[in-house]
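Can you read through this structure? Questions will come right after.
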Amino acid sequence: PIDAAVAERDRARAELALAKQESDATIAQSLRERAIALRKATRDEQLLASARRVAAMSLQAYREGAIPLANVLEAERNARDVQAQYIDDVAAANSAHAAVQLFTLTTARP
């Protein structure tokens, strides 16, 4: 019985070590995904500001007769596309942050 108990204890320790390694790997992956998502959202925010400026300048140029309406519409479409990507990336960043919170059981903010 003592040998069986020792073997059971050793098996339990090995299972605990494996669970800790898997947990650490999951947390590390979640942290990497969150960092990537936050960088994308930051980049998209800058792109969106730029696309909105281009659309505004295009509209002004159209009002002054310098460019055709098609250019204005294209600039506005580009700004909407960038905004859609920004929304997707912010949602991904929020999801990644929630995963980090879940796996680490913390309430820290990004």
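It should be emphasised that the depicted structure is a prediction, and the values quoted were computed from it without experimental measurement.
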Q: Search all heavy atoms of Thr104 against all heavy atoms of Val100 and return the closest pair with its distance.
A: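 For Thr104 and Val100, the tightest heavy-atom pair comes out as OG1-O, 2.6 Å.
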
Q: Any chance you could pull the hydrophobic cluster mates of Ile2, using side-chain heavy atoms under 4.5 angstrom and chaining through other members?
A: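 Once heavy-atom contacts under 4.5 Å are chained together, Ile2 belongs with Val6.
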
Q. Distance from Ser50 atom OG to Asn78 atom CG, nearest 0.5 Å?
A.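 That separation rounds to 10.5 Å.
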
Q: Indicate the atoms forming the closest heavy-atom contact of Ala55 with Ala75, along with that distance.
A: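 The pair with the smallest heavy-atom distance is CA-CB, 3.8 Å.
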
Show the atom names and distances, to 0.1 Å, of all donor-acceptor pairs under 3.5 Å that link a side chain in residues 15-31 to residues at least two apart or in another chain.
{"unit_1": "Glu15", "atom_1": "OE1", "unit_2": "Arg11", "atom_2": "NH1", "d": "2.9"}
{"unit_1": "Glu15", "atom_1": "OE2", "unit_2": "Arg11", "atom_2": "NH1", "d": "2.3"}
{"unit_1": "Thr26", "atom_1": "OG1", "unit_2": "Glu22", "atom_2": "O", "d": "2.9"}
{"unit_1": "Gln29", "atom_1": "OE1", "unit_2": "Arg32", "atom_2": "NH2", "d": "2.7"}
{"unit_1": "Gln29", "atom_1": "NE2", "unit_2": "Glu33", "atom_2": "OE2", "d": "2.9"}
{"unit_1": "Ser30", "atom_1": "OG", "unit_2": "Thr26", "atom_2": "O", "d": "3.0"}

(Q) Are His97 and Leu38 packed together at the side-chain level, in the sense that at least one heavy-atom pair is separated by less than 4.5 angstrom? (A)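 Contact flag for His97/Leu38 side chains = no.
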
Q.
Going by the rule side chain to side chain contact (heavy atoms under 4.5 Å, CB included), which residues pair with Gln83 if we only count those two or more places apart in sequence or in a different chain?
A.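 Gln83: side chain to side chain contact (heavy atoms under 4.5 Å, CB included) contacts with Leu48, Arg52, Ile87.
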
Q.
Assess the residue pair Asp81 and Gln85 against the criterion (side chain to side chain donor-acceptor pair (under 3.5 Å)); give the C-alpha distance rounded to whole Å, side-chain angles, the decisive distance to 0.1 Å, and a yes or no.
A. CA-CA 6 Å; Asp81 289 347; Gln85 184 62 48; over 6 Å; no

(Q) Glu45: which residues meet the salt bridge (charged side-chain N to carboxylate O under 4.0 Å, His left out) condition with it, sequence neighbours left out? (A)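 Residues passing salt bridge (charged side-chain N to carboxylate O under 4.0 Å, His left out) with Glu45: none at all.
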
Q. Is it true that atom CG of Asp10 has more than 12 heavy atoms of other residues, nucleotides or ligands lying nearer than 6.0 Å?
A.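 Count over threshold, so yes.
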
Q | Pairing residues for Asp88 by the salt bridge (charged side-chain N to carboxylate O under 4.0 Å, His left out) criterion, not counting sequence neighbours | A |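 Counting only residues at least two positions away or on another chain, Asp88 forms no salt bridge (charged side-chain N to carboxylate O under 4.0 Å, His left out).
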
Tabulate below the donor-acceptor pairs under 3.5 Å that side-chain atoms of residues 56-73 make, not counting sequence neighbours, or state none.
{"unit_1": "Ser58", "atom_1": "OG", "unit_2": "Val54", "atom_2": "O", "d": "2.9"}
{"unit_1": "Gln60", "atom_1": "NE2", "unit_2": "Glu64", "atom_2": "OE2", "d": "2.8"}

